[in-house]
Number of protein chains: 2
Amino acid sequence: MNTLAEENYLKSIYHLSLNDVNVSTNQIAAALNTKAASVTDMLKKLADKALINYAKYQGVTLTAAGEKIALHIIRKHRLWEYFLVEKLHFKWDEVHEMAEEMEHISSIELIDRLDKFMDYPKHDPHGDPIPDRNGNFKKYELKPIAALNVNENGIISGVRDHSPAFLQYLEKQQLTIGKKIKVTEIIDYDLSMILQVEQTEIHISREVAKNLLIAI
Amino acid sequence: MNTLAEENYLKSIYHLSLNDVNVSTNQIAAALNTKAASVTDMLKKLADKALINYAKYQGVTLTAAGEKIALHIIRKHRLWEYFLVEKLHFKWDEVHEMAEEMEHISSIELIDRLDKFMDYPKHDPHGDPIPDRNGNFKKYELKPIAALNVNENGIISGVRDHSPAFLQYLEKQQLTIGKKIKVTEIIDYDLSMILQVEQTEIHISREVAKNLLIAI
DNA sequence: TAAAAAGTTTAGACTTGTCTAAAAAAATAA
DNA sequence: TTATTTTTTTAGACAAGTCTAAACTTTTTA
Ligand SMILES: [Mn+2]
Ligand SMILES: [Mn+2]
Ligand SMILES: [Mn+2]
Ligand SMILES: [Mn+2]
């Protein structure tokens, strides 16, 4: 069907498209840890296969066919992450690299049965939505805690930074998905925030507040 | 670590080694559906990595390091097959191709946890033994039903032919792993056999009798 | 034990995906 | 609106894995 490299390019373009309509060669190169020249080569192949819209120097967008493939890879990635955490008891900061490999297992029947086995989860361990077999998922907006004012509250529902270091920090602070938080104070000097989480108060930096998302 | 191609070569050499001490270039080519020239190229690479013992025109054997890798791939293959059948309810004739992909997922921790999740199964859905994390498994001998005489009996414990066609045939005849069988008659003319399996009598050809294995 | 057949290796080519260095285009600044 | 900087593409090369055709070894047969 598609090669592993092609799948990774499509997935990266999809993710980058969430922030910018047109995705640039350099953005893709940075995301995939490769060189711009290599990206240009691959963009030509993907355009030949009608998976992206590509005009020299203009950046790219996914075609409907390309987006469908990207969403299927993302579905697999997130279902496997859910499996690793819920069934094999890995921690949420440990599963991404494994899922990067597992997302390329090709069988559609396998992933549909895995979905059923886990009772059709709607979100992966990091709060990201899991597309269904047709690529559909509810696009509900999240906003960073940094956007809250004093006395406003919300439920932790996602992260903007998926790095193990950040996830481990959150875990240690008990700032995990589903927790209800309320902003009790914003420090003028550095815009750091003091949160009420269950019985305790937690002080987080502006940096953390920008990368921790709540449902609106 | 090792490439997908290297892993597949090592696994094939391991399986072929069970029948012949020295494995030939053509045997490997046939098993991997490739050409002898390609095999020779890869044998050089594997010999450079000290994973096989190779002397031109003499065939190959695995080194201890090569065998260790082969057994680890086989462990992964069989554990995933067990998972697919026991947890996702695939049939035993449906899982091999999926496991061919899944056996290359690299994480050792993942496979050890999968093993634990399934409570350390000793055999895959086809009766083949699952090596433990150190590559050890009990090597108990099986023999084909064809080797039995009238009135002798045994328990179906494995297959020599893993093709979906054969597995589907066995399933339909209720000749599945664990069933107790007894030979009630051997037809002189074609050496076909009549088996007593639970309440019913089943007539199998010599060909089937040679590919269906029982514990001795 | 020499000739024929079968099996294996070498030579040279091709594909995929990658890279560096240089050229070209686009964006930004003066 | 030129000149400079940044971004992107092209040109040419390389590694992995594969192939066909030809050359070699080894084995079998007569
Ligand atoms: Mn992930
Ligand atoms: Mn995730
Ligand atoms: Mn199998
Ligand atoms: Mn099996």
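Proteins get letters first, then strands, A, B, ... in listed order; numbering begins at 1 in each.
Atoms CG (A/N22) and P (D/dT8) sit 11 Å apart, rounded to a whole Å. The separation between A/K35 atom NZ and C/dT20 atom C1' is 9 Å, rounded to whole Å. Counting to the nearest Å, the C1' atom of D/dT18 and the CG atom of B/N8 are 14 Å from each other.
A/N8 contributes atom CG, which lies 6.5 Å from atom CG of A/L32 (distance to the nearest 0.5 angstrom). B/I73 CD1 to B/E100 CD: the interatomic distance, rounded to the nearest 0.5 Å, is 10.5 Å.
Counting all heavy atoms, side chain and backbone alike, A/H123 lies closest to A/Y82 at O-CD1, 3.5 Å.
Between A/H77 and A/H96, the ring planes are tilted. Angles from 30° to 60° get that label.
A/D161 and A/S163 share a side-chain donor-acceptor pair at under 3.5 Å.
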Pull out every protein N or O sitting under 3.5 Å from an N or O of nucleotides 2-4 of chain D, one pair per line with the distance.
none

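No donor-acceptor distance shorter than 3.5 angstrom exists from the side chain of A/W80 to the backbone of A/M98, with no hydrogens or angles considered.
Of the charged side-chain nitrogens involved, at least one lies within less than 4.0 Å of a carboxylate oxygen, so that A/R75 and A/D112 count as a salt-bridged pair.
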(message) Across nucleotides 2-17 of chain C, 5' to 3', mark each nucleotide with B, S or - according to how protein heavy atoms within less than 4.0 Å reach it.
(response) -----BBBB-----SB
(message) Apply side-chain hydrogen bond (donor to acceptor under 3.5 Å, both in side chains) to residues B/S24 and B/N26 and explain how you reach the verdict.
(response) CA-CA 5 Å; B/S24 75; B/N26 269 356; over 6 Å; no
